Amino acid sequence: CAPVELSLGLRHTCARRAGGEVICWGRNQESQLGDGRNRHESCGGTGMPVDCSSAAVNVRFRGSAGNPVIEDATQITVEGFTGTCAVRPGEALWCWSTETVPIVAGGVPRVRSVAEPDPDFTSVRQASVSHSHACAVSTTGGSVTCVGTGEFGQLGDGTLAMSIVDPVAVMVTDPTARPLTGALEVQVSSGQFTCARTSSRVYCWGINDSHQLGDGDTTTHRACMSGTTEAYDCSPFGVPVGGGTPIGQVGDLDLGRAHACAIVGPPGTPGQVVCWGDNSAGQCGQPDTVESVGVPAAVPGVDDAVQVEVGIQHSCALRSSGRIACWGSNTLGQLGDGVT
C-alpha cells in the first residue's frame with residue numbers, strides 16, 4: 001500500500017501506509033527504527049560506527065508471542081532526536097526508542113527496541129512526542145494532556161515544573177483560565193513549546209523567546225528561570241495565536257525549533273500559509289532582516305497549500321498543484337532548488 005502519512009525527526013524518518021503498516025529508516029543507535037535489531041549499516045564516518053538503515057524497515061511491537069509487525073496504526077508521530085510513537089486500535093499510544101518520561105529507578109530512560117504501550121496515554125485520538133515532552137488529544141471531548149519536561153511551561157498546566165511524570169491537563173487563557181477542550185490536533189516542538197488547534201482557534205504555550213507563541217506579547221506572560229536567574233519570556237497556559245485578532249480555523253499546523261506555520265481555512269481546503277516565531281533564516285517567509293514574527297504573517301505567494309511541514313530553520317508547503325514550495329535556511333540544500 002502507498003504511504004499516507006510521513007513524519008520526520010532530526011535523523012530518522014517514519015511513514016504509515018494506507019493499511020496501517022509503519023516503516024522507518026535512518027539513524028538507529030537509540031532504536032529509532034523499532035524493528036528490534038541493533039545492527040543494520042554503519043554510519044558516522046570515522047570513529048565509533050553508528051547503526052543506521054538507508055532502507056525502510058518494518059516497526060514491530062511487543063506481543064504475547066514474539067514481536068509482530070505493526071500493521072494497524074492510525075497515526076504516527078516523530079519529533080526531535082528519539083521521539084517516535086504510533087496510535088493503534090484501542091486508542092493506545094505505542095512508542096519505541098528512548099522514553100520521553102523515564103520510569104525506571106534513578107530516572108534513567110529505557111531504550112525500547114520495539115514498540116510498547118505508553119502507560120501515560122490510553123485514550124488517544126492524536127498525539128505528538130518529542131525527546132523531552134509529549135502531548136495527546138483525548139478521544140473524549142478533545143481535551144489535551146501533556147507529560148515530561150516542563151520548566152518552560154511547555155506542558156501547559158499552569159506550572160513551570162522541571163518534570164511531570166503523570167499527564168496533566170492543558171489550560172488556556174482567553175481571557176480566563178479554563179481546560180483546553182475541542183482540540184483536533186496537538187503538536188510539540190523539541191524547542192520547548194507546544195501548540196494545538198481547535199475548529200476555531202490555535203493555542204500555544206511554553207517558551208516565547210522568539211515570539212513562537214504567536215500572540216504578539218512578550219511582556220505579560222511569565223519569566224522562565226535559568227537556574228536561579230530569570231531568563232526567557234514564557235507562558236505555562238495556552239494563549240490564542242494572533243492575540244487580539246485570533247488566527248481562527250486552520251487546516252494544518254506544524255512546529256519547528258522556534259517557529260510555527262499553519263494553513264488558514266478548513267482542513268482539506270487549499271489556503272494561505274502563515275508563520276510566526278523565529279525568522280532569523282527567513283523560515284517564516286519574511287525578509288531575513290526581520291529577526292522574529294510576533295503574530296501570524298502570510299508567506300508571500302503560498303496561498304494554495306494543502307499541507308505544511310517545518311524543520312529547524314526552514315519550512316515547506318505542499319500546494320494544490322502538487323508542487324512543493326520551501327523557504328528559510330538553505331546552507332545544506334534543504335530548499336531543494338539545486339543551489340546552496
Side-chain angles (χ1 to χ4, degrees), residues 1-8 14-20 73-79 85-87 91 93 123-129 135-145 170 172 174 180-189 193-205 212-214 238-242 245-256 259-277 284-285 295-299 301-311 315-326:
C1 295
V4 294
E5 184 180 8
L6 186 68
S7 192
L8 281 65
C14 295
R16 177 174 61 89
R17 299 187 190 275
T74 57
Q75 185 238 334
I76 58 173
T77 170
V78 177
E79 173 62 40
C85 298
V87 179
E91 302 170 349
L93 189 66
S123 180
V124 177
R125 175 188 300 165
Q126 182 266 339
S128 184
V129 177
C135 298
V137 178
S138 170
T139 55
T140 304
S143 60
V144 178
T145 55
V170 172
V172 297
D174 57 351
L180 173 58
T181 59
L184 303 174
E185 177 187 10
V186 64
Q187 291 289 343
V188 306
S189 165
F193 77 108
T194 312
C195 298
R197 65 178 177 91
T198 70
S199 60
S200 60
R201 291 284 192 277
V202 175
Y203 298 95
C204 294
W205 55 95
Q212 53 267 61
L213 301 189
V239 296
V241 172
T245 307
I247 189 175
Q249 185 179 35
V250 302
D252 195 23
L253 170 71
D254 199 32
L255 278 55
H259 80 292
C261 295
I263 301 173
V264 177
T269 301
Q272 174 69 55
V273 174
V274 296
C275 300
W276 61 94
C284 283
V295 294
V299 177
V302 189
D303 58 1
D304 58 349
V306 294
Q307 183 182 0
V308 64
E309 293 286 329
V310 304
S315 310
C316 294
L318 175 64
R319 310 181 76 159
S320 58
S321 63
R323 292 180 177 272
I324 296 173
C326 295

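Keep in mind that this is a model prediction, so the values were computed, not measured. This chain uses plain numbering: 1 for the first residue, then up along the sequence. Worth knowing before you read on, the calculation uses all heavy atoms, side chains too, and leaves out hydrogens, waters and symmetry mates.
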(message) Looking at every non-hydrogen atom in both residues, tell me the closest pair between V186 and T194 and how far apart they are.
(response) CG2-CG2, 3.8 Å

(message) Less than 2.5 angstrom apart at the SG atoms, yes or no, for C275 and C261?
(response) yes

(message) Under a 3.5 Å threshold, yes or no: a donor from one side chain and an acceptor from the other, between H259 and S315?
(response) yes

(message) On a heavy-atom basis, which atom in Q249 and which in P267 lie closest, and how many Å separate them?
(response) NE2-CD, 3.7 Å

(request) For the pair E185 and Q75, evaluate side chain to side chain contact (heavy atoms under 4.5 Å, CB included) and give the outcome as yes or no after the intermediate values. (result) CA-CA 11 Å; E185 177 187 10; Q75 185 238 334; over 6 Å; no

(request) Kindly determine whether W205 and V239 satisfy side chain to side chain contact (heavy atoms under 4.5 Å, CB included), including the steps that lead there. (result) CA-CA 6 Å; W205 55 95; V239 296; over 6 Å; no

(message) Counting C-beta onward and ignoring hydrogens, is there a side-chain heavy-atom pair between V306 and R319 closer than 4.5 Å?
(response) no

(request) Pick out which of V302, T269, V273 makes a side-chain contact (heavy atoms from CB on, under 4.5 Å) with I263. (result) V273

(request) Hey, could you give me the CD/SG distance between Q212 and C284, rounded to the nearest 0.5 Å? (result) 10.0 Å

(request) Evaluate side chain to side chain contact (heavy atoms under 4.5 Å, CB included) for V308 paired with L253, printing each intermediate quantity in order. (result) CA-CA 7 Å; V308 64; L253 170 71; over 6 Å; no

(message) Between V250 and D252, does the side chain to side chain contact (heavy atoms under 4.5 Å, CB included) criterion hold? Intermediate values first, please.
(response) CA-CA 6 Å; V250 302; D252 195 23; over 6 Å; no

(request) Output yes when a side-chain donor or acceptor of S7 lies under 3.5 Å from a complementary backbone atom of V78, and no otherwise. (result) yes

(request) Side-chain contact test, heavy atoms from C-beta onward, threshold under 4.5 Å: evaluate it for V170 versus T145 and give yes or no. (result) no

(message) So does V87 get a backbone contact from the side chain of T74, meaning a donor-acceptor N/O pair under 3.5 Å?
(response) yes

(message) Using side-chain heavy atoms (C-beta onward) and a distance below 4.5 Å, is W276 in contact with V295?
(response) no

(message) Given 3.5 Å as the limit, does a donor-acceptor pair link the side chain of E91 with the main chain of R125, or not?
(response) no

(message) Any non-hydrogen side-chain atom of S138 less than 4.5 Å from a side-chain atom of S143?
(response) yes

(message) Using 0.5 Å steps for rounding, measure from the CG atom of D304 to the OG atom of S321.
(response) 6.0 Å

(message) Using side-chain heavy atoms (C-beta onward) and a distance below 4.5 Å, is R16 in contact with P3?
(response) no

(request) Kindly give the heavy-atom pair with the smallest separation between I247 and P296, and that separation in Å. (result) CD1-CG, 4.0 Å

(message) Looking at every non-hydrogen atom in both residues, tell me the closest pair between C135 and V144 and how far apart they are.
(response) CB-CG1, 4.4 Å

(message) So L8 and E309, do their side chains get closer than 4.5 Å, heavy atoms only?
(response) no

(message) Just verifying a value: how many Å separate D303 CG and S320 OG, rounded to the nearest 0.5 Å?
(response) 8.5 Å

(request) With the side chain counted from C-beta on, respond yes when T198 and Y203 share a heavy-atom pair under 4.5 Å apart, and no when they do not. (result) yes

(request) Heavy atoms only: give me the nearest L93-A127 pair and the separation to one decimal. (result) CD1-CB, 3.8 Å

(request) Could you tell me whether a side-chain N or O of Q187 sits under 3.5 Å from a main-chain N or O of A196, the two making a donor and an acceptor? (result) no

(message) So which atom in L6 and which in A15 form the shortest heavy-atom distance, rounded to 0.1 Å?
(response) CD1-CB, 4.1 Å

(request) With rounding to the nearest 0.5 Å, note down the distance linking CD in E79 to CG in L255. (result) 8.0 Å

(request) Scan side-chain atoms only and decide if T139 and S123 contain a donor-acceptor pair under the 3.5 Å cut-off. (result) yes

